[in-house]
Amino acid sequence: MPPPVLRYENNEQAAHAVSRHLNSLRPSPQRYTVRPFNRFDTAFSAWWLIPSTDWPAFRHGKFAFHQGSGSRGMAAYMHVGYYVEHGYGKAAAEMVHRTYVMTDDWLWHRFIDAATSGRIDPTIAEVIERSSSPIIFDINAWAVNQPPDLETPTVAPIDWYETVIAPPGITAGEAYQKGGTVFRSLRGSTSLADLTQRIAAINGLDFYWINLTIGVRLPYGDLDTGTWGAAELWHNALEPWKAWVR
């Protein structure tokens, strides 16, 4: 079976299509606000479906539509799935704006606890089964002197790491981003539980902003060439995460 291709040319189209799809269902599960990271350059900006009208929405888990860079002969693609953020810790509170400091209500805490105990594994397995696609864990870190801008492109992360898990019979492909400094200890991780245990053990974690995206990788396409529309995106890549989008 050939790999799926999006029926959308960019992230903006895909995010709004999924939102419209949810509104069309009866009863509608729609309780999400559609937001771009960069409202001045929206097409390939990161987009999220957020379970709130909050902005910034750092504390929430979100459905994510992100652009991934092409590599190893691969065209640009969309990374679609789940997104959760680690803000700066209390030890860094005097160095950054209070907006960027994690409080107890940030979902990161509960998600990491659940992931390290294996309680997220059934969700990972369900996405793999529904999508018949490899699932990618992508994690990025920014230092305390590079807090994220709310609406415009930010500086490159100081470190990043990617690992891939594939369903039986599907070639995973090679993870092309490797931890070099902050994420050196993540090299060789083979599951979400293993990955998050290693993240939690990183020294000085209070002084890093971390984004974790978990999802499937899909080439951009159009209505004529694509095979996955909004219904397929929702069912195959997003719906299994809905318990953690809060």
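Position 1 is the first residue of the sequence, and the numbers go up from there. Since the model is a prediction, treat every value here as computed from it, not as a measurement.
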Quick one: salt bridge (Lys or Arg N to Asp or Glu O under 4.0 Å) partners of D105, sequence neighbours excluded? R59

E126 meets the side chain to side chain contact (heavy atoms under 4.5 Å, CB included) criterion, sequence neighbours left out, with R130, P240

Check L107 against G61 and note the closest heavy-atom contact, atom names and distance. CD2-N, 3.4 Å

Mind listing the closest non-hydrogen atom pair of A200 and L205 along with its distance? CA-CD2, 4.4 Å

Would a single hydrophobic cluster contain both F58 and V144, if residues Ile, Leu, Val, Met, Phe, Trp and Tyr are joined by side-chain heavy-atom contacts under 4.5 Å? yes

Not counting sequence neighbours, which residues clear ring pair (Phe, Tyr, Trp, His ring centres under 6.0 Å) with Y220? List them please. F44

Can you check whether L233 reaches L6 side chain to side chain, under 4.5 Å on heavy atoms? yes

Would you indicate whether the side-chain heavy atoms of D138 and W160 approach each other to under 4.5 Å? no

For residues 12-23, which residue pairs qualify under salt bridge (Lys or Arg N to Asp or Glu O under 4.0 Å), counting only residues two or more places apart or in two chains? none

Trace of the side-chain contact (heavy atoms from CB on, under 4.5 Å) decision for I210 with F183: CA-CA 11 Å; I210 294 174; F183 296 139; 4.3 Å; yes

Listed partners of D113 passing salt bridge (Lys or Arg N to Asp or Glu O under 4.0 Å), at least two apart: none

Do S185 and I202 pass the side-chain contact (heavy atoms from CB on, under 4.5 Å) test, and can you show the C-alpha distance, the side-chain angles, and the key distance before you say yes or no? CA-CA 8 Å; S185 63; I202 293 172; 4.1 Å; yes

Closest non-hydrogen atoms of S24 and R26, given as atom of the first, atom of the second and distance, are C-NH1, 3.6 Å

For T225, enumerate each residue passing the side-chain hydrogen bond (donor to acceptor under 3.5 Å, both in side chains) test, keeping only those at least two apart in sequence or located in another chain. D222

If we only count heavy atoms from C-beta on, is the I199 to Y208 side-chain gap below 4.5 Å? no

Report yes if some heavy atom in the side chain of Y32 is under 4.5 Å from a heavy atom in the side chain of W48; otherwise report no. no

Qualifying residues under ring pair (Phe, Tyr, Trp, His ring centres under 6.0 Å), relative to H60, sequence neighbours excluded: none

Establish, for the pair R110 and W108, whether the NZ or CZ atom is under 6.0 angstrom from the six-membered ring centre and no further than 45 degrees off its axis. no

Step by step, work out the side-chain contact (heavy atoms from CB on, under 4.5 Å) result for L192 and I165. CA-CA 10 Å; L192 180 61; I165 295 177; over 6 Å; no

Closest approach of L49 to S19 (non-hydrogen atoms, all atoms of both residues): CD2-CB, 4.4 Å

Run Y161 and S189 through side-chain contact (heavy atoms from CB on, under 4.5 Å) and show every step you take. CA-CA 10 Å; Y161 179 75; S189 57; 3.6 Å; yes

Does V216 belong to the same Ile/Leu/Val/Met/Phe/Trp/Tyr cluster as V5, with side-chain heavy atoms less than 4.5 Å apart forming each link? no

Residues two or more places apart in sequence or in another chain: which of them pass ring pair (Phe, Tyr, Trp, His ring centres under 6.0 Å) with H109? none

Taking the side chain as C-beta and beyond, is there a heavy-atom pair between V84 and W106 under 4.5 Å? no

Evaluate the criterion side chain to side chain donor-acceptor pair (under 3.5 Å) for residue pair N211 and W209; output intermediate values, then yes/no. CA-CA 7 Å; N211 296 338; W209 184 280; 2.9 Å; yes

Got a sec, which residues hit side chain to side chain contact (heavy atoms under 4.5 Å, CB included) with T53, two or more places apart in sequence or on another chain? T33

Hey, does W47 have a side-chain heavy atom less than 4.5 Å from the side chain of H16? yes

Listed by chain and number, what are the side chain to side chain contact (heavy atoms under 4.5 Å, CB included) partners of Q13, not counting sequence neighbours? Y8, E9, N10

Using the test side chain to side chain contact (heavy atoms under 4.5 Å, CB included), find all partners of P4 that sit at least two apart in sequence or belong to another chain. S133, L218, T227, W228

Determine whether L212 and H86 make a side-chain contact, defined as any pair of heavy atoms from C-beta on separated by less than 4.5 Å. no

As a test of understanding, state which of L186, T196, V182 forms a side-chain contact (heavy atoms from CB on, under 4.5 Å) with I139. L186

Do the ring planes of Y88 and Y100 sit parallel (below 30°), tilted (30 to 60°) or perpendicular (above 60°)? perpendicular

Ring pair (Phe, Tyr, Trp, His ring centres under 6.0 Å) partners for W241, two or more places apart: Y82

